[in-house]
Amino acid sequence: MIVHTVRFGFKDSVTAEQRASGLRILAGMAALESVSYSTLGRSLGGPHPALTHAYCIAFEDLAALCRYLNDPVLHEGDREFLPLLAHLSVDPDITDDADPDLGAKITSAFEQAVTDYPVWAESLQSVPQFDIHNV
């Protein structure tokens with residue numbers, strides 16, 4: 001199992017309706033067949049108070065994560081969702097897989113998806129405060 005966590009905060013200018021729409025977009029991504037389970041909601045603390053929400057999704061294996069990274073629903077949803085954000089933090093993944101190279105494989109899969117989908121890469125980079133922490 002690979003568990004992926006993203007924490008984020010909305011721009012001050014985002015309305016309650018836009019916020020609700022953004023959360024519905026993430027819920028749609030969580031319904032993809034590649035996702036084993038997920039949770040989405042408020043972040044209950046941490047060193048960065050601007051990261052007000054969290055999205056945690058799990059994948060059975062690397063193949064499922066790769067399907068998610070290449071799913072058009074992810075890319076279409078992020079084109080609508082990411083412009084709403086002021087802050088985005090991709091946290092290190094968690095796994096019960098014994099493969100010592102899994103972290104490098106996950107990084108490679110993400111880098112390949114960014115290369116294959118440059119519009120998605122631009123959407124990610126458009127978030128004013130965007131941090132990726134190593135897996």
Side-chain angles (χ1 to χ4, degrees):
M1 191 68 60
I2 299 167
V3 180
H4 181 68
T5 303
V6 177
R7 294 176 302 139
F8 57 93
F10 291 99
K11 292 176 180 173
D12 291 338
S13 61
V14 169
T15 66
E17 183 179 300
Q18 290 172 311
R19 188 176 300 217
S21 175
L23 295 175
R24 281 192 300 273
I25 289 168
L26 286 182
M29 292 177 195
L32 292 172
E33 67 78 26
S34 56
V35 176
S36 295
Y37 66 87
S38 69
T39 190
L40 169 64
R42 295 178 301 118
S43 179
L44 297 177
H48 304 290
L51 299 171
T52 57
H53 290 75
Y55 176 50
C56 182
I57 54 177
F59 307 95
E60 178 146 349
D61 53 23
L62 183 61
L65 173 60
C66 289
R67 287 194 309 277
Y68 179 81
L69 290 173
N70 290 285
D71 197 304
V73 171
L74 169 67
H75 302 284
E76 292 166 18
D78 272 353
R79 277 196 301 276
E80 294 180 49
F81 175 70
L82 293 172
L84 304 174
L85 301 185
H87 305 277
L88 177 64
S89 178
V90 180
D91 294 337
D93 290 331
I94 302 164
T95 187
D96 59 1
D97 189 312
D99 180 353
D101 298 322
L102 184 61
K105 291 174 183 176
I106 292 169
T107 298
S108 178
F110 176 78
E111 289 172 350
Q112 187 62 53
V114 167
T115 299
D116 291 347
Y117 304 98
V119 173
W120 183 51
E122 290 173 17
S123 296
L124 288 166
Q125 293 300 326
S126 73
V127 178
Q129 182 65 45
F130 175 50
D131 301 304
I132 298 179
H133 305 281
N134 292 334
V135 292

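Since we're looking at a predicted model, the values are computed, not measured. Computation of the quantities below employed the complete heavy-atom set of this structure, encompassing side-chain atoms and omitting hydrogens, waters and symmetry-equivalent molecules.
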Exercise. Taking the side chain as every heavy atom from C-beta outward, state whether Leu65 and His4 have any pair of such atoms under 4.5 Å apart.
Key: no
Quiz item: Do Phe81 and Val73 belong together in a cluster built from hydrophobic side chains that touch within less than 4.5 Å?
Solution: yes
Practice problem: To the nearest 0.5 angstrom, please state how far the CG atom of Leu44 sits from the OG1 atom of Thr52. | Solution: 11.0 Å
Exercise. Indicate the atoms forming the closest heavy-atom contact of Phe8 with Val6, along with that distance.
Key: CD2-O, 4.1 Å
Quiz item: To the nearest 0.5 Å, how far apart are NE2 in His48 and OG in Ser43?
Solution: 10.5 Å
Practice problem: Compare all side-chain heavy atoms of Ile2 with those of Leu102 and state whether any distance is below 4.5 angstrom. | Solution: yes
Exercise. Using atom types as modelled and distance alone, determine if a side-chain donor or acceptor of Ser21 lies under 3.5 Å from a backbone N or O of Glu17.
Key: no
Quiz prompt | Heavy-atom check, side chain of Tyr55 versus side chain of Met29, under 4.5 Å | solution = yes
Practice problem: Kindly compute the distance separating CG (Asp101) from OG (Ser108), expressed to the nearest 0.5 Å. | Solution: 11.5 Å
Quiz item: Hey, quick one: are Leu51 and Leu26 part of the same hydrophobic cluster, counting side-chain heavy atoms closer than 4.5 Å, chains of contacts allowed?
Solution: no
Quiz item: Closest approach of Ala109 and Cys66, non-hydrogen atoms and distance?
Solution: CB-SG, 3.7 Å
Exercise. Taking all heavy atoms of Arg7 and all of Asp91, pick out the closest pair and write down the distance.
Key: NE-OD2, 2.8 Å
Quiz item: Which atoms form the tightest heavy-atom contact between Gln18 and Ser13, and what is the distance?
Solution: OE1-O, 3.9 Å
Exercise. With rounding to the nearest 0.5 Å, note down the distance linking CG in Leu23 to CG in Leu84.
Key: 9.0 Å
Exercise. Would you mind reporting whether Val119 and His75 have side-chain heavy atoms less than 4.5 Å apart?
Key: no
Quiz item: Linking I/L/V/M/F/W/Y whenever any side-chain heavy atoms sit under 4.5 Å apart, do Val3 and Val35 land together?
Solution: no
Practice problem: Assert yes or no for the condition that the ring centre distance of Phe110 to Trp120 is strictly below 6.0 Å. | Solution: yes
Quiz item: Which pair of non-hydrogen atoms, one from Ser36 and one from Phe59, has the smallest distance, and what is that distance?
Solution: OG-C, 3.8 Å
Quiz prompt | Matching residue for Leu88 among Ile132, Leu124, Asp131 - test: side-chain contact (heavy atoms from CB on, under 4.5 Å) | solution = Leu124
Quiz item: If you measure from OH on Tyr68 to CD on Glu33, what distance do you get to the nearest 0.5 Å?
Solution: 12.0 Å
Self-check item: Lys11 NZ to Gln129 CD distance, which is reported to the nearest 0.5 Å
Solution: 13.0 Å
Quiz item: Any donor-acceptor pair under 3.5 Å linking the side chain of Ser38 with the backbone of Cys56?
Solution: no
